[in-house]
Amino acid sequence: MKFILATSNLGKIEEINSLFSGTDIVFEGLDLYPDLPEVIEDGDTFRENAYKKAKTVYDHTGVPVIAEDSGLEVDALGGAPGVRSARFAHDKATDRENIERLIQELEGVPPEKRSARFVSVFCMCSDKEERYFEGYVKGHILGSPRGTSGFGYDPLFVPDGYDRSFAELGPDIKNKVSHRSMAIDKMLSYFGRSDSGR
Ligand code: ITT
């Protein structure tokens, strides 16, 4: 089965490909479709943004599409950065700038109040349907970055049950417990496939 994977985030592409390895699902990248319109991610929810990304690409190509919107919800910040996670520091922010901003926002917040969760919402668009798959992972936010693996806020996020950040734990553990792997497990069960032995 072939889908366009409608994301330009290299960290996501790498994780999604590895989470689907061992299945018969094949992804084409957006690079094969250079003339697509830009999608403005201005929805109030992960679902709205995932839908916008998937539907725009599907309407222009007619090829089944999978898109994801994801982000980090920090309890002490009322759920921010949430849908603005990629643009927390400013519209063209790098991962490093977003991490710096989060560290500043949480300065002085004690360890027991630094709870957060990652959210992942996939939207699949085809001629038959639009369908959503969601996943979450709870944890807490460190005061300074640790580790080099992964992308985004991984160096600041320690998942519950561990004492190291996602960036220290590396892809094998992240892919077992992450928001993205939870959502993809649901997608694979929907397709009637067991996961790839993670
Ligand atoms: P696309 O829209 O092209 O998919 P994007 O980076 O803009 O790429 P999102 O709008 O979904 O993707 O933003 C998600 C942001 O949330 C991402 O840039 C990270 O900052 C953060 N994030 C999501 N999942 C993450 C993860 O597994 N580890 C670390 N940070 C993550």
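Whatever order the structure lists them in is the order used to number ligands and atoms, beginning at 1.
- For a threshold of 3.5 Å applied to N or O pairs, the pair formed by Arg180 and ligand 1 contains at least one separation below that value.
- Counting only heavy atoms of the protein, atom 22 (N) of ligand 1 lies nearest to Phe118 CE2, 3.9 Å.
- In this comparison of Ser181, Ala167, Ser85, the heavy atom closest to atom 16 (O) of ligand 1 sits on Ser85.
- If you check each of Lys174, Lys52, Glu15, Arg84 against atom 26 (C) of ligand 1, the one with the closest non-hydrogen atom is Lys174.
- For atom 20 (O) of ligand 1, the closest non-hydrogen atom on the protein side is Tyr153 CE1, 3.2 Å.
- With rounding to the nearest 0.5 angstrom, the CG atom of Asp185 is 8.0 Å from the CG atom of Leu19.
- Ligand 1 lies less than 4.0 angstrom from a heavy atom belonging to Ser8.
- In terms of modelled atom types and a separation under 3.5 Å, the side chain of Thr23 and the main chain of Phe20 share a donor-acceptor contact.
- With a heavy-atom cut-off of 4.0 Å, Phe151 touches ligand 1 through backbone and side chain alike.
- In this model, no donor atom of one side chain and acceptor atom of the other lie less than 3.5 Å apart for Tyr58 and Glu130.
- Among Ala86, Ser70, Gly82, the residue whose heavy atom lies closest to atom 14 (C) of ligand 1 is Ser70.
- Distances between N or O atoms of His179 and those of ligand 1 include at least one value under 3.5 Å.
- Scanning the protein heavy atoms around atom 10 (O) of ligand 1, the nearest turns out to be Glu41 OE1, 2.7 Å.
- With hydrogens and angles left out, the side-chain atoms of Asp154 and Ser165 include no donor and acceptor closer than 3.5 Å.
- Salt-bridge check for Lys52 with Glu48: failed, with every basic side-chain N at 4.0 Å or more from each acidic carboxylate O.
- Under the 3.5 Å distance criterion, the side-chain polar atoms of Arg87 are left unmatched by any main-chain donor or acceptor of His90.
- For ligand 1, the polar-atom distance check finds no N/O of Arg87 at less than 3.5 Å from any of the ligand's N/O atoms.
- Lys186 forms no cation-pi arrangement with Phe133, by the criterion of a distance under 6.0 Å to the ring centre and an angle within 45° of the ring axis.
- Using a 4.5 Å cut-off on side-chain heavy atoms (C-beta onward), Ser149 and Glu168 make no contact.
- Of all the listed residues (Val119, Ile13, Asn9), Asn9 holds the heavy atom that lies closest to atom 5 (P) of ligand 1.
- Of all the heavy atoms in Met124 and Ile66, the pair that sits closest is CG-CG1, 4.1 Å.
- For the ligand labelled ligand 1, residue Asp154 lies inside the 4.0 Å heavy-atom shell.
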